[in-house]
Each structure stands twice: as C-alpha cells, then as structure tokens.
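The structure appears right after this line, and notes come after that.
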Amino acid sequence: MYRTNTCGELRTSDIGKQVTLCGWLQRSRDLGGMTFIDLRDRYGITQLAFNMETNSELCQKARRLGREFVIQATGKVIERSSKNAKIPTGDIEVEVSELNILNEAKTPPFTIEDQSDGGDDLRMRYRYLDLRRAPVRRNIEMRHRMAMLVRNYLSNLNFLEIETPMLIKSTPEGARDFVVPSRMNPGEFYALPQSPQQYKQLLMVSGFDRYFQIVRCFRDEDLRADRQPEFTQIDCEMSFVEQEDVLQTFEGLAKHLFKEIKGIDFEPFKRITWHEAMKLYGSDKPDLRFGMEFKEITDCVKGHSFQLFDNSELVVGIVAKGCAEYTRKQLDSLTDFVKRPQVGAGGLVYIKYNTDGTFKSSIDKFYDADSLKRIAQCMEAQPGDLMLIMCGPSMKTRTQLCALRLEMGQQLGLRDPHKFSPLWVIDFPLLEWDDETQRFYAMHHPFTAPKPEDEALLDDPNRWGDIRANAYDIVINGCEVGGGSIRIHDRTLQNKMFHTLGFTDEQAAAQFGFLMDAFTYGAPPHAGLAFGFDRLCSIFAGADSIRDFIAFPKNNAGRDVMSGSPAPIAQAQLDELMLDIRQPISQ
Ligand code: ASP
C-alpha cells in the first residue's frame with residue numbers, strides 16, 4: 001500500500017498512529033538538529049520531521065531531497081511543538097522512520113506555492129506544475145463540484161444527459177466555425193460545433209423532452225480578452241414549455257448552485273426587458289450590484305444655446321453619490337477615460353451639486369444656478385452628488401455612458417466580486433441590423449421565435465428592427481452567463497425567418513434541410529438555454545478570468561503554449577487530406 005492517509009487529513013486525534021504518506025516536497029527547512037519537510041498532495045500539506053540525533057542517516061537523506069521530489073514517508077503522528085494555525089494539519093507532524101524517493105524532480109521553473117514567483121507565460125507553459133498550486137487546484141475542484149451539482153439537479157428533474165456529435169456540418173450563421181478536413185471525403189470538411197443547437201432541437205423532435213449536456217463548444221472568433229476558442233456550456237432543451245417554465249427551471253438551477261457553493265439564498269431574480277436594460281444601464285448585461293441608473297435629461301437641457309446638447313439626439317447622465325468633492329484631476333481623468341478609443345466619446349460634462357447647495361459645472365457658461373438645479377432635480381441628485389453627463393446618438397451614447405458607469409462603480413468600490421446580483425434580461429430584439437453587410441442578422445440564432453404578438457411584423461421589412469424575440473439571458477454581475485429562447489417549431493414560420501435573414505430556399509435547404517425535414521414529422525413546442533460553464537465558475541469564485549477554471553486553457557492568442565498548438569502538420573498528412581496549403585483552395 002502506497003499510503004495510509006493523505007497529506008490533508010491528519011489531526012490531533014491521530015496522534016500516536018503509524019502512517020504512510022506520499023506526495024511532493026514543497027519545502028524543507030534545516031534547523032541544525034532537526035529537518036522539516038512540507039509534504040504536499042491534492043488534499044493538503046503535512047509536516048514531516050527528521051531528527052538528526054535519533055536518526056542521523058535518515059535525516060541526512062532528507063536533506064538531500066530537492067523541491068518537488070515525489071516521496072513516501074512512514075512514521076508516527078506526533079504533536080507539534082510549534083503549531084501552525086494556518087493549515088488544518090498544523091497541530092501535528094509525522095516523525096519519520098522510513099523514507100522512499102519515488103521520483104526525483106528537476107527544480108521547477110517557478111515556486112509551487114500559493115503566491116508563485118512565476119509570471120503568466122511561464123505558468124502557462126508549465127501548466128501541469130501550475131495545477132499543483134492550491135489556488136489553481138481549488139478552482140478545478142470547485143468546477144467539478146459545480147458540474148456534479150448541475151448533473152444531479154437536472155437529472156432529478158428528469159433531464160437526460162445526451163452526447164451530440166463533435167464533427168458536424170458547418171453553418172454560416174453565428175461565429176466562424178473551426179473546420180476539420182475529411183480524409184475519406186477529399187475536399188470536404190466537418191465543423192466543430194459552436195453549440196449543439198440543432199441536435200438538441202432534433203432530440204426534442206425525437207421526444208426526449210428534457211435534455212442537457214455539459215459540452216465543449218468551439219468558436220473561431222477573434223480573441224477578445226478572456227475568450228477561449230473552446231469553452232464549455234451547460235446546454236439544455238425542454239419540450240412543451242413556455243418561457244416561464246424555462247426561467248423557473250434554470251433560475252432554480254442557479255439558486256441551487258448559489259446555495260450549495262456559496263451558501264447564499266436568493267429572492268426571485270429580477271427581470272427586466274432588453275429595452276429597459278438599455279435605457280437604464282446602456283447594456284443588455286447590466287451590473288446590478290449597484291444602482292447609478294441612467295437619467296435622460298434631453299428635454300430638460302435643450303434651449304440654452306449650448307449647441308452640443310441642442311444638437312444631440314440623447315442627453316443622459318448618472319449621479320455619483322457623494323462625489324461632489326471630486327478634484328479637477330479626478331474629473332480630467334474621467335474625461336480621459338471616456339475619450340479613450342475603447343469608449344470613444346467626445347467628452348464629458350460634469351455638474352457638482354455642492355453640499356452648501358451651490359453648483360459648479362463645466363457648462364456654467366450656458367446654465368445659471370436655477371437651470372442647473374432643474375437638471376439636478378431631473379436627475380434626482382442631492383447636495384454632495386456629482387452628475388456626469390454625455391450626449392450624442394442614443395445607442396452610442398448609452399454604450400459610452402455604460403462604460404463610465406462601470407468605471408465609477410469600480411472606483412467607488414461598488415463592484416464587490418463576492419456580492420452577486422443575478423437577473424433575467426427578457427424580450428431581446430429578434431433581429432439586429434449590420435451596417436457593414438447591410439442586412440439583418442438573428443440576434444440570438446435563426447431558430448429563436450418572435451413574440452407571438454410581434455409575429456405579424458415579419459411581413460413588414462420596415463418594422464423588422466422592432467420585432468421582439470422570445471429570448472432571455474441570465475446575467476450575473478454584468479456578465480451574460482446564459483441565454484436561450486423559445487424555438488420556432490413551425491416550419492412555415494421557420495422558412496419565413498430564413499427568408500428574413502436573406503437565405504434563399506436553396507440555401508436554407510442546404511444548410512438546415514435536415515432540421516426543416518424533422519419539423520415536418522411532428523416537432524413539439526420547445527425551448528432551451530445554455531449557460532457558459534467556465535464563466536459561471538469564475539463568477540462564483542469572484543475571479544476575473546475564465547482561464548483559471550480550465551485545466552488546460554489557451555492563451556489570449558488562442559495558443560496552447562504548453563503543447564505548442566496550433567502547429568504545422570507534415571506534408572504527408574496534408575497530402576493524405578488532399579490539402580495544398582501553398583495554393584488557395586478554389587471555390
Ligand atoms: N445555443 C445557444 C447558444 O449557444 C443557446 C440556446 O439558445 O440554447 O448561445
């Protein structure tokens with residue numbers, strides 16, 4: 001038997017026992033007569049003690065061990081003379097009588113400690129060593145617990161976990177596909193799934209009624225910060241349900257996770273429409289850990305010869321409570337913030353509502369004290385508050401003010417990562433206009449149903465932008481952690497939708513024919529949703545990056561620097577696949 005116990009479980013109640021432990025040498029300390037080793041495994045750290053006086057040979061052997069050697073130690077559990085309250089095994093140590101080196105180790109390129117001295121790149125290159133560190137390991141453990149909770153919860157509700165294929169047909173809608181050449185069908189390609197969307201809908205046609213899958217998805221997108229080309233979804237679909245059933249079911253799942261993992265109980269999640277979200281927060285994924293709602297003051301500010309406001313479609317601001325004391329420097333840096341290319345605003349107007357009731361603003365030339373007071377009233381500002389105002393075309397200005405709102409929330413410490421504000425955003429627009437290609441795209445995906453009361457608008461191209469979808473997102477702390485919709489189960493409506501999206505009958509048949517055919521054989525009304533599992537984990541842990549919750553993630557350039565992928569393949573492999581990468585492949 002390699003070990004009797006793990007390095008995390010021995011306590012004072014074990015004193016006197018003879019034990020054998022295995023693990024990695026995290027650290028050793030020679031104190032003249034004694035040598036101590038911190039032995040680490042997945043479960044914790046136990047101190048091993050070697051006494052020079054009673055067993056000098058063994059002690060000398062221990063002194064020769066290097067960091068990260070894999071060792072096996074047998075001995076007696078004794079009480080420690082100097083206890084360590086920081087670790088659960090800190091009251092005991094093992095007085096070693098037998099020591100085996102199971103494997104030697106090169107000195108690791110960074111310290112395997114909670115606070116490592118290794119930079120990001122180095123730790124990514126040696127990810128298998130980084131995973132030995134307790135904080136990283138705990139993330140992976142939490143991910144496992146979440147996955148188990150999800151499986152049990154959904155299984156108890158009669159959901160079946162069903163695997164869907166990884167090699168599928170490429171579809172043009174949505175993100176770019178990763179493609180896989182087929183050797184047996186030269187010139188033809190599979191795609192890796194962006195999501196199991198069509199398969200899960202087919203499973204509903206098959207009568208499976210409640211499906212879920214914790215499933216890898218692939219999207220070949222330009223990598224923005226904290227995106228992974230492969231990521232995991234908790235993908236779900238249900239038959240014979242309305243939106244309310246779906247929201248209840250998955251709110252239940254989210255609450256269950258919060259309860260089990262964080263010990264938090266929630267009231268029913270807030271629900272707001274997409275329009276409200278845009279109007280009040282300038283975002284379809286508002287961070288509701290703090291208020292600071294938008295105040296529209298377009299009518300209130302016009303007619304004071306201030307061209308900028310007079311010529312703007314929208315004038316809108318936020319109130320930063322108690323910030324009237326902001327210095328010139330602080331205000332300038334906020335102006336710089338909104339002018340950064342990432343935000344892209346022309347500038348920022350401020351009004352300080354001083355505690356003595358006077359005003360100081362960047363528009364004093366145009367607005368007297370009474371007018372400023374009126375603006376303060378419109379914005380519901382109080383003495384001591386700072387009003388920050390932006391103007392321009394509605395949508396653009398809202399997005400810009402959203403960035404400022406989040407920045408102010410950050411500066412004022414209102415975005416505590418260990419506080420959670422979940423909500424549903426409902427009634428998304430069905431279609432989204434793209435200026436570049438001059439056409440409408442499905443905001444969610446082409447299988448999402450319009451709200452029944454808006455269905456007729458599909459017949460009027462001028463109103464397409466107004467059609468609301470039966471679609472919903474679950475948002476936590478300003479992140480979209482999940483989203484889904486009621487599906488179109490009627491073939492005629494689906495065809496109409498394809499036409500709206502600019503597909504000819506032939507194109508629709510070529511791309512989605514199997515789904516359309518399936519719908520002619522009795523498709524039940526169905527709906528579903530998918531959670532981004534990596535993101536959900538990171539939010540639960542109060543962490544920024546999803547990378548920390550993926551055992552072997554890619555870096556920001558989509559590379560796995562540990563294995564060195566992507567990488568060229570041998571000419572022989574290319575030949576076999578009939579791929580000539582020196583020649584552009586002809587259409
Ligand atoms: N397949 C969708 C997505 O990946 C989710 C859904 O509609 O169920 O975003």
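Just so you know, ligand 1 is whichever comes first in the structure, and atom 1 is the first atom listed for that ligand.
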What one should report as the nearest heavy-atom pair of P268 and K255 is CA-NZ, 3.6 Å

So which bit of R487 gets within less than 4.0 Å of ligand 1, heavy atoms only: side chain, backbone, both or neither?
-> side chain

How about D287 and Y281: does a side-chain donor come under 3.5 Å of a side-chain acceptor?
-> no

Would you say Q194 touches ligand 1, if touching means a heavy atom closer than 4.0 Å?
-> no

Apply ring-ring contact (aromatic ring centres under 6.0 Å, His included) to F266 and F420, showing your working.
-> CA-CA 10 Å; F266 278 98; F420 300 96; 7.3 Å; no

Going by distance only, is there an N or O of D235 that falls short of 3.5 Å from an N or O of ligand 1?
-> no

Distance to 0.1 Å, residue and atom name: give those for the protein heavy atom nearest to atom 9 (O) of ligand 1.
-> H444 CE1, 4.0 Å

Report yes or no: does R219 have a heavy atom closer than 4.0 Å to ligand 1?
-> yes

Have H526 and D209 got a donor and an acceptor in their side chains that come within less than 3.5 Å?
-> no

Trace of the side chain to side chain donor-acceptor pair (under 3.5 Å) decision for T273 with R468 | CA-CA 10 Å; T273 65; R468 290 166 304 161; over 6 Å; no

Please work out whether the ring planes of F440 and W464 are parallel, tilted or perpendicular, with thresholds of 30° and 60°.
-> perpendicular

Proximity to ligand 1 by part of S195, non-hydrogen separation under 4.0 Å = side chain

Can you list the ligand 1 atoms lying under 4.0 Å from a non-hydrogen atom of Q197?
-> 1 (N), 2 (C), 5 (C), 6 (C), 7 (O), 8 (O)

among protein heavy atoms, the one nearest atom 5 (C) of ligand 1 is G483 O, 3.5 Å

Going by the angle between their ring planes, with limits at 30° and 60°, are F514 and Y199 parallel, tilted or perpendicular?
-> tilted

Run the numbers for me: atoms of ligand 1, each under 4.0 Å from some heavy atom of L529, listed by number.
-> 8 (O)

Aromatic contact, F533 with F231 (centres under 6.0 Å) = no

Atoms of ligand 1 close to H445 [distance to a heavy atom under 4.0 angstrom, numbered from 1] | 2 (C), 6 (C), 7 (O)

So, is K200 polar-close to ligand 1, with some N/O to N/O distance under 3.5 Å?
-> yes

